[in-house]
Amino acid sequence: MPNAFLDDIRATLGEIQTDGLFKTERLITTPQSTRVHVGGHEVINLCANNYLGLADNPALIAAATQAMTDHGFGMASVRFICGTQDLHRQLETRLAQYLRCEDSILFAACFDANGALFEPLLGPEDAVISDALNHASIIDGIRLSKARRYRYANSDMVDLEAQLKAAREGGARHIMIATDGVFSMDGTLAKLPDIRALADQYDALVMVDDCHATGFMGPQGRGTPAHFGVQADTLTGTLGKALGGALGGYIAGPQPVIDLLRQRARPYLFSNALPPSIVAAGIAALDIVERADNLRATLFDNAAHWRAGLTDAGFDLLPGEHPIIPVMLYDAHKAQAMAARLFELGVYVSGFFFPVVPKGQARIRTQMNAALTRADLDQALAAFAQAGRDTGVLTK
Ligand SMILES: *Cc1c(COP(=O)(O)O)cnc(C)c1O
């Protein structure tokens, strides 16, 4: 390998370090839960997407174990060659029923689902209009399609309408609006009723990525469209967050859309089938989630308590109603220092900074879950106040 190449790579790594943007990974030695061990140190975990606390749920573990016994470990095949078991179709049917769609199709991850969606469905004569804060996987998926690209400022409905007009005036055949249901760095909800109304007015489709909503937002946790009482035309989502937290993604929508994706979606055709353990645990997760009003109530009670506690302590929060509660620090070094001090005080959170959020928008993103107790939250609030004073984030 030429030395010059590795020198350039090292220079880039050096810049990441000096900008305070270098990310390190901590080694957790226990299952994902409200309290985890990191190097023998027990910490309260406030940065997992484990909204309903199912990541270490015994019923999911039992379903996964049973499926390994009766369906084996791996599929060693893509779905269309010899990788489709009865379990895969059961989960796809269950997801579709749960989400009130005609069918669904599984992927290895939602990153793949978003990478798969646009290219087979839209051609060069079509247009995609994408919210500026959409998840990286939507942005990449749109890049992989030949559709004309339009972008609107985050949740700005005036701008969305301007882009719809531009796409129509540009002669687009089909127009698809793509949005996260919940913007994961801010914890804000997409304005789906307005988006749906504009889509109908301009004869456009609506695609919603509901990764940070499925399982806990809306009736039965059916997500942001159910929360607002509107219909999305296609939905994408993950098994890697509230639905057990392992991995796996899906697209749900009308039958012909799902049928065409099974024929043409590249991450489906050229990537391995999900293992039976994961699929069976996904079915077990839906069994729980459909009846989990108690868990959802606890989750939102926890979110309200946490939000109020941080506000009282003097932190600057982004407003919202979602269990993602970002504490704004604006500066990457401060976010790192605050996360490090909190870790010493027994609270595990992660600083978020460029490129995950825009420069100057660094923050600590805290996330609530249904398994956290009041004692956990009060201990964590005391640690936040202490760390805030120790790092100079709080001045009182
Ligand atoms: C987490 C997330 C993804 C990726 O999901 P995976 O299943 O982990 O690949 C995609 N979109 C959004 C909005 C997400 O939050």
Side-chain angles (χ1 to χ4, degrees), residues 25 32 47-52 54-55 60 91-92 95 99 104-118 128 130-144 154-155 176-192 195 206-218 221 223-225 227 232 234-253 261 265-268 271-275 278-279 281-282 285-286 289 318 320 322-326 350 352 355-357 363 365-369:
E25 299 177 3
Q32 184 64 281
C47 51
N49 301 309
N50 188 19
Y51 294 107
L52 297 175
L54 299 184
L60 270 58
L91 177 55
E92 285 171 340
L95 277 168
L99 299 167
S104 80
I105 174 172
L106 291 170
F107 292 86
C110 190
F111 203 102
D112 287 328
N114 288 333
L117 178 90
F118 302 96
V128 191
S130 177
D131 188 289
L133 280 195
N134 276 342
H135 191 264
S137 55
I138 298 180
I139 296 168
D140 288 5
I142 292 171
R143 280 190 192 137
L144 292 170
N154 176 232
S155 289
M176 183 182 282
I177 303 169
T179 184
D180 284 9
V182 175
F183 296 97
S184 54
M185 290 302 130
D186 295 349
T188 50
L189 310 190
K191 296 176 179 163
L192 291 187
I195 293 172
V206 179
M207 172 273 180
V208 177
D209 172 347
D210 231 7
C211 280
H212 282 283
T214 309
F216 58 96
M217 296 293 299
T224 49
H227 170 83
T234 61
L235 275 172
T236 64
T238 184
L239 304 177
K241 290 178 175 134
L243 302 183
L247 86 168
Y250 57 84
I251 300 174
L261 290 169
R266 293 165 68 83
Y268 186 81
S271 187
N272 211 31
L274 281 172
I278 297 292
V279 178
L286 287 176
V289 164
L318 291 183
H322 191 272
I324 290 174
I325 300 163
S350 194
F352 282 68
V356 179
V357 294
R363 66 197 65 183
R365 181 178 75 173
T366 64
Q367 290 171 282
M368 289 295 104
N369 76 60

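Note that the structure is a prediction, hence the values are computed from the model and not measured. Order of listing sets the numbers, starting from 1, for every ligand and every atom in it.
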Original post:
What residue among Asn134, Thr224, Leu133 forms side chain to side chain contact (heavy atoms under 4.5 Å, CB included) with Asp180?
Top reply: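 Among Asn134, Thr224, Leu133, the one that satisfies the side chain to side chain contact (heavy atoms under 4.5 Å, CB included) with Asp180 is Asn134.
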Original post:
Hey, are Arg365 and Asp186 close enough for a salt bridge, meaning a charged N less than 4.0 Å from a carboxylate O?
Top reply: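 Salt bridge absent between Arg365 and Asp186.
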Starting from the N and O atoms of ligand 1, collect every protein N/O partner closer than 3.5 Å and put each pair on its own line with the distance to 0.1 Å.
{"unit_1": "ligand 1", "atom_1": "7 (O)", "unit_2": "Cys110", "atom_2": "N", "d": "2.8"}
{"unit_1": "ligand 1", "atom_1": "7 (O)", "unit_2": "Thr238", "atom_2": "OG1", "d": "2.7"}
{"unit_1": "ligand 1", "atom_1": "9 (O)", "unit_2": "Cys110", "atom_2": "N", "d": "3.3"}
{"unit_1": "ligand 1", "atom_1": "9 (O)", "unit_2": "Phe111", "atom_2": "N", "d": "2.9"}
{"unit_1": "ligand 1", "atom_1": "11 (N)", "unit_2": "His135", "atom_2": "ND1", "d": "3.4"}
{"unit_1": "ligand 1", "atom_1": "11 (N)", "unit_2": "Asp209", "atom_2": "OD2", "d": "2.6"}
{"unit_1": "ligand 1", "atom_1": "15 (O)", "unit_2": "His212", "atom_2": "NE2", "d": "3.0"}
{"unit_1": "ligand 1", "atom_1": "15 (O)", "unit_2": "Lys241", "atom_2": "NZ", "d": "2.6"}

Original post:
So which heavy atom on Leu261 is nearest to which on Ala116, and how close?
Top reply: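 Reported closest heavy-atom pair: CD2-O, 3.8 Å.
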Original post:
What is the minimum heavy-atom distance between Ala246 and Ile278, and which atoms define it?
Top reply: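 For Ala246 and Ile278, the tightest heavy-atom pair comes out as CB-CD1, 3.7 Å.
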Original post:
Sequence neighbours excluded, which residues qualify as salt bridge (Lys or Arg N to Asp or Glu O under 4.0 Å) partners of Arg266?
Top reply: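 Here no residue qualifies.
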Original post:
Can you find a heavy atom in the side chain of Thr238 that is under 4.5 Å from one in the side chain of Phe111?
Top reply: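 They are not in contact (no side-chain heavy atoms under 4.5 Å apart), so the answer is no.
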